Colleague: 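Dropping the structure in here first, questions after.
Since the structure is predicted, the reported quantities are computational estimates derived from the model, not experimental observations. All residue numbers refer to positions in the sequence shown, counting from 1.
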Amino acid sequence: MQKNLAEPLFPERAISFAMARRILLHNMQKDIDMPTCFIGPPGVGKTALVEDVCGDLKAHLCVIPLSCYDASELKGIPRVLPLEDLRKLYPEHVKENNSGFVTYYAHNFEFPATNDPDLWVFFFDEFNTVPPSTQVPIFQATQKRCITGSYRFPKQNRIVLAGNRPKDSEAVHPIPSPIISRVNLHELTFDYKEWLQWGGHIHPGIRSFISNNPERLCYFTKEMVEAVQPYATPRTWDYANTVLKGYADTHLAHMEPKGEPWSQLLHHLSGTIGYENVTFRDHSQRTLLHYLQDAAREELQETGPILGKIRSWAQVFEGHPEKPRLLIILKHLPELDPAQAAVFLKRLTTVAPEMVTQALKEQPALAKNITSLAGLKETLVQLK
């Protein structure tokens, strides 16, 4: 199997979304005010992380996608002005000189022209996908909270940088050592359990596929990158979910592997998560489309109201694992078709294996009912 480039460079050092969120909140405290930098594969939630923290802090967010700008657009276009004219605009910054003129850089309109006391967060995204000449203003921003002297940040401000790793794309430049030594740098990695907790809106077929194949949440190889092909990331799986909104359950449930609808969906999804991920066969020899079909059939199957209840309970449990809800689900699993019960049990054990094991130890009668069902005992054996 080809190496998954999405895996962290240093697994023991990489941090999850939840840990990154706590660190960023800590660094934004008034007494700390430390520039923070996150690197990681595309689509793992670097931008969403900053937006989430700014929401908590009720801070204004200024996002600068650096790949959309060149150095002159960040520094501003130089203009020679009479010193007295500029002093009227910036009396505290303009110093005397012998010429009577001064060079002024008209700053980019993206930067807020304000002196309000609110907290502003400046998020420089994709900072190491731009050439060193464009990185220079960002170095200045992290050190002096200004760009080329003409633009100064609001009084209350914080700096966040984000970028990709060298192995993620050939367009990535090395991070300059002066920046590395002046920011709090972390590698952000993906965590499928966090993603499942967040993605309650994601199609159950996708959720089931990721639960059984967690490494496919973020998966791309050197060949995919070099061939400029789509690949799977937490972000592109969300896009795949959007694609599926155009396909009814009746459509998905009755697809035939060699039929036209199957082929259309295969290529449609390949445009977001990549052909290799859509056609990947796991240990059960099923592809993503098989999982989507099974979920659609489960949705359409008339097995009584308990199926819908268990589905709702399971989605809530995946977001907030709690023992009382787990016991309710386990109690009703024997009422389902064995194949459906096995799918739900797999989802539960994926999210909280220790909680499931402990619950069954404390409830021997319940454990006996579950292990008597075909397919469920094998799932439980995997926990040991």
Side-chain angles (χ1 to χ4, degrees), residues 192-193 195-217 237 240-241 244 247-255 257 265 269 277-278 280-322 325-357 359-360 366-384:
Y192 79 100
K193 292 183 180 178
W195 188 80
L196 288 173
Q197 291 175 3
W198 165 82
H201 65 288
I202 299 293
H203 192 283
I206 292 179
R207 292 174 60 85
S208 182
F209 177 81
I210 295 301
S211 294
N212 285 279
N213 306 283
E215 75 285 353
R216 291 283 160 169
L217 175 60
W237 279 112
N241 181 66
L244 288 172
Y247 294 84
D249 285 329
T250 52
H251 181 103
L252 298 176
H254 297 101
M255 294 186 303
L265 183 58
L269 291 173
N277 290 303
V278 177
F280 168 75
R281 290 184 179 272
D282 63 10
H283 65 280
S284 66
Q285 292 302 303
R286 292 189 297 164
T287 67
L288 170 63
L289 268 62
H290 289 101
Y291 280 90
L292 297 175
Q293 187 175 57
D294 290 346
R297 289 174 175 174
E298 177 185 307
E299 185 71 28
L300 296 173
Q301 191 172 3
E302 295 296 331
T303 58
I306 193 60
L307 175 61
K309 291 182 179 179
I310 292 180
R311 183 182 298 111
S312 299
W313 294 335
Q315 289 180 351
V316 174
F317 179 81
E318 287 172 331
H320 303 282
E322 295 177 342
R325 193 176 302 278
L326 172 63
L327 291 175
I328 292 175
I329 298 171
L330 293 175
K331 178 181 177 180
H332 289 284
L333 281 185
E335 300 176 32
L336 297 179
D337 175 90
Q340 293 175 335
V343 170
F344 282 111
L345 184 58
K346 178 66 176 179
R347 287 169 60 177
L348 299 176
T349 55
T350 297
V351 173
E354 295 181 0
M355 189 182 296
V356 173
T357 300
L360 293 177
L366 180 58
K368 184 177 179 180
N369 288 339
I370 290 177
T371 55
S372 65
L373 295 177
L376 270 66
K377 186 174 182 179
E378 291 77 3
T379 300
L380 295 174
V381 168
Q382 296 176 8
L383 293 177
K384 299 179 180 180

Colleague: Checking H254 now: which residues fulfil side-chain hydrogen bond (donor to acceptor under 3.5 Å, both in side chains) with it, not counting sequence neighbours?
Modeller: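 Scan of H254 (side-chain hydrogen bond (donor to acceptor under 3.5 Å, both in side chains), adjacent residues dropped) gives none.
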
Colleague: Sequence neighbours excluded, which residues qualify as side chain to side chain contact (heavy atoms under 4.5 Å, CB included) partners of P204?
Modeller: A295

Colleague: Could you tell me if the side chain of L292 sits less than 4.5 Å from the side chain of I206, heavy atoms only?
Modeller: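 Of all side-chain heavy-atom pairs linking L292 with I206, at least one is under 4.5 Å.
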
Colleague: Would you mind reporting whether E215 and F280 have side-chain heavy atoms less than 4.5 Å apart?
Modeller: yes

Colleague: Can you give me the closest heavy-atom contact between M255 and L289, atom names plus distance?
Modeller: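 For M255 versus L289, the nearest heavy atoms are CE-O, 4.4 Å.
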
Colleague: Do N212 and S284 come within less than 4.5 Å of each other through their side chains, counting heavy atoms only?
Modeller: no

Colleague: Between OG1 of T287 and CG of N277, what distance do you get to the nearest 0.5 Å?
Modeller: 11.5 Å

Colleague: Tell me, please, which residues at least two apart from T350 pass side chain to side chain contact (heavy atoms under 4.5 Å, CB included).
Modeller: Y192, S211, K346

Colleague: Closest heavy-atom contact between A253 and A296?
Modeller: N-CB, 3.8 Å

Colleague: With side chains defined as the heavy atoms from C-beta onward, is the minimum distance between I210 and I202 less than 4.5 Å?
Modeller: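 No, too far: nothing below the 4.5 Å cut-off.
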
Colleague: For A341 versus L333, what's the shortest heavy-atom pair and its separation?
Modeller: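 Smallest heavy-atom distance, with atoms named: CB-O, 3.7 Å.
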
Colleague: What pair of heavy atoms forms the shortest contact from L360 to L330, and how long is it?
Modeller: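 For L360 versus L330, the nearest heavy atoms are CD2-CD1, 4.1 Å.
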
Colleague: I need the full list of salt bridge (Lys or Arg N to Asp or Glu O under 4.0 Å) pairs touching residues 284-295, with sequence neighbours left out, sorted by first then second residue.
Modeller: R286-D294

Colleague: Suppose we screen for side-chain hydrogen bond (donor to acceptor under 3.5 Å, both in side chains). Which residues come up paired with E318, at least two apart in sequence or across chains?
Modeller: R207, R347

Colleague: Would you give the length of the straight line joining atom CG of L288 to atom CD of Q293, rounded to the nearest 0.5 angstrom?
Modeller: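 So the CG of L288 and the CD of Q293 are separated by 11.5 Å.
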
Colleague: For the pair H201 and W198, name the ring-plane relationship: parallel under 30°, tilted 30 to 60°, perpendicular over 60°.
Modeller: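 Correct class here is perpendicular.
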
Colleague: Which distance, rounded to the nearest 0.5 Å, do you find between the CZ of R281 and the CG of N213?
Modeller: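 One gets 12.5 Å once the value is rounded to the nearest 0.5 Å.
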
Colleague: With sequence neighbours left out, what residues match D249 under side-chain hydrogen bond (donor to acceptor under 3.5 Å, both in side chains)?
Modeller: none

Colleague: According to side chain to side chain contact (heavy atoms under 4.5 Å, CB included), who are the partners of R325, at least two apart in sequence or on a separate chain?
Modeller: W313, V316, F317, I329

Colleague: Looking at side-chain heavy atoms only, is the closest gap between Q285 and H290 below 4.5 Å?
Modeller: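 When only atoms from C-beta onward are counted, H290 and Q285 do not touch, as no gap falls below 4.5 Å.
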
Colleague: Go through the structure and list residues passing ring-ring contact (aromatic ring centres under 6.0 Å, His included) with F209, not counting sequence neighbours.
Modeller: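 Partners of F209 by the ring-ring contact (aromatic ring centres under 6.0 Å, His included) criterion, ordered by chain and then number, come out as W237, Y291.
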
